[in-house]
Protein chains: 2
Amino acid sequence: MSGLAILLVDDHPVVREGYRRLIERQPGLRVVAEAETAAEAYEAYRRCRPDVTILDMSLPGAGGLEAIRHIRQWDKGARILVFTMHQSAAFAVKAFEAGALGYITKTSPPSELIRAVEAISRGGHSISADIAAELAAERLTNRTSPLDGLGVREAEILRMFAAGMETERIAAALNLSLKTVQNYHYQIKAKTGARTDAHLVWMAISAGLLADDCPPQ
Amino acid sequence: MSGLAILLVDDHPVVREGYRRLIERQPGLRVVAEAETAAEAYEAYRRCRPDVTILDMSLPGAGGLEAIRHIRQWDKGARILVFTMHQSAAFAVKAFEAGALGYITKTSPPSELIRAVEAISRGGHSISADIAAELAAERLTNRTSPLDGLGVREAEILRMFAAGMETERIAAALNLSLKTVQNYHYQIKAKTGARTDAHLVWMAISAGLLADDCPPQ
DNA sequence: AATTCCGCCGGGCAAATTTCCCGATCTCAC
DNA sequence: GTGAGATCGGGAAATTTGCCCGGCGGAATT
């Protein structure tokens, strides 16, 4: 075990070379493979099983997001650090959704890349300061779940519904008419824009409406 | 470093005393602190940072589970051994979920407690033989998801449905009649015993039917 | 005080869906 | 070849949904 094995994926050889130098100057880090495309990245990953994969978002062919998903599908534990020029929180969110553990923009000082690699190799996360700031701002201004337009009663009924209770039982538990609960059900779907009961369940989950006792029965 | 430092948490002073004697008779073990409540346990833990914490589940106030979670939140590496009268696999599961590393019932011979403390101090786990047997039996008899009686088509439709797709869209995607999908929907509910669409979603989740791309949209 | 607004509660009614029932294939194993 | 079971769909009754409405009570505005 001589340090962390790193896979470098970037379609620009010059950039790759520069960062390979930077990385290999660090004791404990070594580049074990390089790739230019999403397909190559996947191949190289399977061959080398690196500890950390550093990956650019804009790859020819399938694209960086696809590469992340593909690799993560093969190895759920893959530690992928996105290192890219896209200075956009939206991109970062997509990357994290695809399974990346870190997102560093190329405008960051080299030391930040090194720190990120080390953080990720230990199972942590890492985000560029600029992206983090943007995300934080978005959180603060735009803390809008599709569910917070709901009244207390509506939220209560949604919780029971999402937990798997039948409409009738909810009505009984709340001393309401069956019709009322049905109307709430409809109202909730209208307000949230859910077109499906299952959709509604997911909203309730992601809004944290359910306690730890989610699985019914 | 003269042996393992132990924190003893139990609301019953007599029991505490008895086991303190037992423990201190062992070379290499010593009790460095005792506590009666969840809050005291947390305080004592922060003060002493014991190697192993022996903790009863039924504490006045917050309760044992809360205490485990609280301590583990402060110190992810805390080694907590639950030592309790509750001879129930369900309780044990809850304890492990909360972050305990061992679960020994008070009906066990004292030697088992000592062995458990030593096992846990070395980073291992420990379960009472009776609880282990109960859990194993549960696995063997009850290793049956309500979903594995479903055919491939049924499972496929369930997956799409649980992901939030409308019946009509499923039919279109699968080149089936709307009516057929409706019938599958009904069939699935009948086979699984789900009385509610939301219930069905939970089943699909716990059966691992959904990929990571659960949240719709 | 009067008025307006808004959340809660439910009726009504057409349209849609669910719930069961059924039959037709097609495959596969015995 | 016969029975079992998965797949696919029609039909009819029962329920639910979608949408609109009205009443009640409290809080805020005027």
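Convention: sequence-line order gives letters A, B, ...; per-chain numbering from 1. Predicted model, so just to flag it, every value in this text is computed and none were measured.
- The local environment of NZ in Lys94(B) is sparse, with at most 12 non-hydrogen atoms from other residues, nucleotides or ligands closer than 6.0 Å.
- Between Ile157(B) and Lys179(B), the one whose closest nucleotide on DNA chain D sits nearer the 5' end is Ile157(B).
- Across the protein-nucleic acid pair, Arg195(A) atom CZ and dA16(C) atom P stand 17 Å apart, rounded to whole Å.
- At a threshold of 4.0 Å, the pair Arg20(A)-Asp10(A) does not count as salt-bridged, since none of the basic side-chain nitrogens sits closer than that to a carboxylate oxygen.
- The shortest distance between the side-chain N/O atoms of His185(B) and the OP1/OP2 oxygens of dT18(C) is below 4.0 Å.
- For Gln182(B), whose side chain is taken as the heavy atoms from C-beta onward, the closest listed nucleotide among dA6(D), dT16(D), dT17(C) is dT17(C).
- Within the 4.5 Å cutoff, no side-chain heavy atoms of Val201(A) are placed close to those of Thr196(A).
- Rounded to whole Å, atom C1' of dA16(C) lies 17 Å from atom CZ of Arg169(B).
- If you take CG of Leu178(A) and P of dG12(C), they are 14 Å apart, rounded to a whole angstrom.
- Taking atom CD of residue Gln187(A) and atom C1' of nucleotide dT16(D), one finds them 16 Å apart after rounding to whole Å.
- Between the OH atom of Tyr184(B) and the P atom of dG10(D) there is a distance of 13 Å, given to the nearest Å.
- Rounded to whole angstrom, the span from the CD atom of Glu156(B) across to the C1' atom of dC8(D) amounts to 14 Å.
- In summary, Arg79(A) and Asp51(A) do not engage in a salt bridge, as defined by a charged side-chain N under 4.0 Å from a carboxylate O.
- Contact annotation: Tyr186(A) does not reach the phosphate of dT16(D) (side-chain N/O to OP1 or OP2, under 4.0 Å).
- OP1 or OP2 of dG18(D) lies within a sub-4.0 Å distance of a side-chain N or O belonging to Lys189(A).
- Residue Thr180(B) is in base contact, counting any heavy-atom pair closer than 4.0 Å across all strands shown.
- Judged by distance alone with a 3.5 Å cut-off, no donor-acceptor contact links the side chain of Asn183(B) to the base of dC8(D).
- Residue Lys106(B) places its NZ atom among more than 12 non-hydrogen atoms of other residues, nucleotides or ligands, all under 6.0 Å distant.
- For Ile170(A) and dT16(D), the CD1 to P distance is 12 Å, given to the nearest whole Å.
- Taking atom CD on Glu168(A) and atom C1' on dT16(D), their separation rounds to 12 Å, with Å as the unit.
- Residue Leu176(A) has its side chain nearest to dG10(C) when only dC8(D), dT16(D), dG10(C) are considered.
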